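Here the structure is laid out as structure tokens; the discussion comes afterwards.
All figures in this text were calculated on a predicted structure; none of them were measured in a lab. To find a chain, count down the sequence lines: A is the first, B the second, and so on, and within it residues start at 1.
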2 protein chains.
Amino acid sequence: MSVLIVGSTALDSIKTPKAENPRLLGGSASHAAVAASFFGPVRLVGVVGQDFPRRYLQLYKRRRIDLQALQILPGKTFHWSGEYEANMNNRRTLLTELGVFETFTPTLPGSHQNSPFVLLANIAPSLQHHVLNQMQRPKFVVADTMDLWLNIALADLLKLLKRLDAFVLNDSEAHQLTTEDNVFAALRKIHKLGPRYVIIKKGSHGSILSGPRGFFICPAYPLHRVVDPTGAGDSFVGGMMGYLATARGSIEDNFRRAMIYGSVVASFCCEGFGLLRTAGITRGQIDRRVKELQRLTKF
Amino acid sequence: MSVLIVGSTALDSIKTPKAENPRLLGGSASHAAVAASFFGPVRLVGVVGQDFPRRYLQLYKRRRIDLQALQILPGKTFHWSGEYEANMNNRRTLLTELGVFETFTPTLPGSHQNSPFVLLANIAPSLQHHVLNQMQRPKFVVADTMDLWLNIALADLLKLLKRLDAFVLNDSEAHQLTTEDNVFAALRKIHKLGPRYVIIKKGSHGSILSGPRGFFICPAYPLHRVVDPTGAGDSFVGGMMGYLATARGSIEDNFRRAMIYGSVVASFCCEGFGLLRTAGITRGQIDRRVKELQRLTKF
């Protein structure tokens with residue numbers, strides 16, 4: 001079944017201690033859509049400006065991503081610029097130019113409104129609501145978020161939580177939302193806000209699922225070198241949703257493996273700038289790392 | 001087979017945001033010895049003063065810990081006092097009174113010198129050497145350490161690394177020792193310093209083993225509430241060594257399960273002040289959490 005993904009489609013200029021790369025393909029929806037595309041059909045909902053490089057449209061197309069709901073408007077593409085420290089967990093934003101993203105209000109074509117799997121990738125909660133309002137009884141709705149929305153759009157986000165099947169956030173955001181230092185205590189509080197499934201991402205420490213069958217401790221794939229972690233969280237949810245939407249059996253049965261798949265796609269994402277590494281991998285490479293993770297965690 | 005454990009035997013006064021407990025039984029060797037005692041015979045090497053409460057000697061004895069090499073000397077027991085912040089990963093030392101520990105130079109009785117498993121729990125590297133010098137061809141030697149020794153006794157520690165089968169340290173110490181931010185890159189560098197097995201502890205994020213069969217990603221047992229994490233790392237290595245020393249089969253075959261057992265004993269340690277929780281558990285309770293960890297990580 002196909003996954004509808006809405007989020008940001010951007011140009012990222014990224015600086016690390018070792019290199020600098022301007023105007024890479026980025027944004028939460030780009031990373032999530034490419035990650036999901038290894039598993040099945042993906043419908044991208046987003047907006048770019050007329051400066052958006054043709055080669056990035058071609059990249060989407062090579063990954064067979066449906067671009068019917070990608071608007072190309074007069075003006076500039078959303079441009080984000082950030083710099084990482086030697087410890088890749090610390091980054092600062094240097095620049096944010098919203099461009100055409102500032103007035104983004106997607107209208108879904110009829111064909112998209114019945115997508116069974118919906119991924120509301122990181123974007124303003126009001127836009128996540130706006131897209132969800134246009135969907136006809138989706139089977140499974142997942143949303144990701146970021147600290148910015150907890151700071152400036154908490155009421156919208158809290159309303160959204162009641163409409164989700166699964167909510168994904170990172171450990172510092174979980175702390176911010178619940179004031180709990182303990183991840184498992186935070187999970188309990190977040191369930192009370194609505195979602196049946198809650199996933200807390202912990203970067204290189206993996207992630208934790210809390211759902212109807214209890215917890216799942218999901219490892220991160222061991223990387224000796226992280227080139228650029230931008231988009232790793234988006235790749236994680238994208239890969240997870242791509243797997244969930246296409247695997248046979250119940251969502252409940254598939255959820256753990258879906259997270260493992262997400263974790264593996266995220267590991268590839270970290271090995272190159274932007275989408276440079278992820279866009280070139282194969283399903284076979286993903287499957288091999290999934291098997292390796294099985295070996296690395298068995299006891 | 002029995003495990004010989006040398007380290008500190010102390011009185012710990014611990015303050016958390018919720019409670020304060022003075023003069024608890026503490027020290028690296030106390031935590032490690034009690035943890036190891038759930039699996040098989042333990043020989044404790046340490047020193048206490050005449051102020052050492054009789055009830056703590058009784059606690060050791062209830063756990064059937066061999067106290068032949070525990071010296072009781074005129075003077076005061078090593079006393080440490082520390083305070084935790086709401087985020088239990090942050091603590092500061094309020095007071096350190098070495099007492100009889102200042103001149104501690106253990107002489108092992110003949111019966112102890114042929115212990116097959118040796119755990120050099122956290123203590124000055126010179127003392128770890130001193131004990132190791134008295135051993136007759138031990139089968140397996142593991143050492144733990146702390147940032148203090150990296151700061152003031154690095155040369156001794158580097159010499160020790162060449163004499164170990166396994167070395168255990170936490171992630172920030174691994175960073176300090178190797179200047180590597182990446183855990184897996186740090187592991188590679190530490191192997192070059194000597195030990196065949198290296199374990200990096202990551203607190204609530206679990207631990208990573210690197211050994212002849214590659215990596216093992218070891219989870220932490222999920223706790224909703226941490227009462228006092230003091231001694232969790234010592235409990236981890238103690239439980240691990242206790243299991244390794246008594247399990248049938250090769251060390252290589254047993255190592256992953258040994259870490260899981262260590263991780264579970266450490267989880268109990270965090271649920272009470274000092275050794276209050278750990279001292280009261282049973283092997284059955286430990287086994288149940290091991291099974292639960294298996295369920296929590298399977299995919």
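Put simply, NE2 on A:H224 and CZ on B:R188 are 4.0 Å apart, with the number rounded to the nearest 0.5 Å. The line from CG of A:L296 to CZ of B:R256 is 6.5 Å long, rounded to the nearest 0.5 Å. Summarising the geometry, atom NZ belonging to A:K298 is positioned 10.5 Å from atom CD belonging to B:Q294; distances are rounded to the nearest 0.5 Å.
For the set B:V226, B:V290, B:V183, B:T297, the entry with the most heavy-atom pairs within less than 4.5 Å of chain A is B:T297.
Judged by distance alone, the side chain of B:N182 and the main-chain N or O of A:L223 form a donor-acceptor pair under 3.5 Å.
Enclosure of atom NZ in A:K189 by more than 12 non-hydrogen atoms of other residues, nucleotides or ligands within 6.0 angstrom is indicated. Sparse packing is recorded around CZ of A:R225, with 12 or fewer heavy atoms of other residues, nucleotides or ligands lying under 6.0 Å away. In the displayed structure, A:K15 atom NZ is contacted under 6.0 Å by at most 12 heavy atoms of other residues, nucleotides or ligands.
Looking at A:L187, there are no atoms closer than 4.5 Å to chain B (heavy atoms on both sides), in backbone or side chain. In this structure, the portion of A:I260 lying under 4.5 Å from any heavy atom of chain B is its side chain and not its backbone.
Scanning residues 207-222 of chain A against chain B with a 4.5 Å non-hydrogen threshold yields A:F215, A:F216, A:I217, A:P219, A:A220, A:P222, sorted by number.
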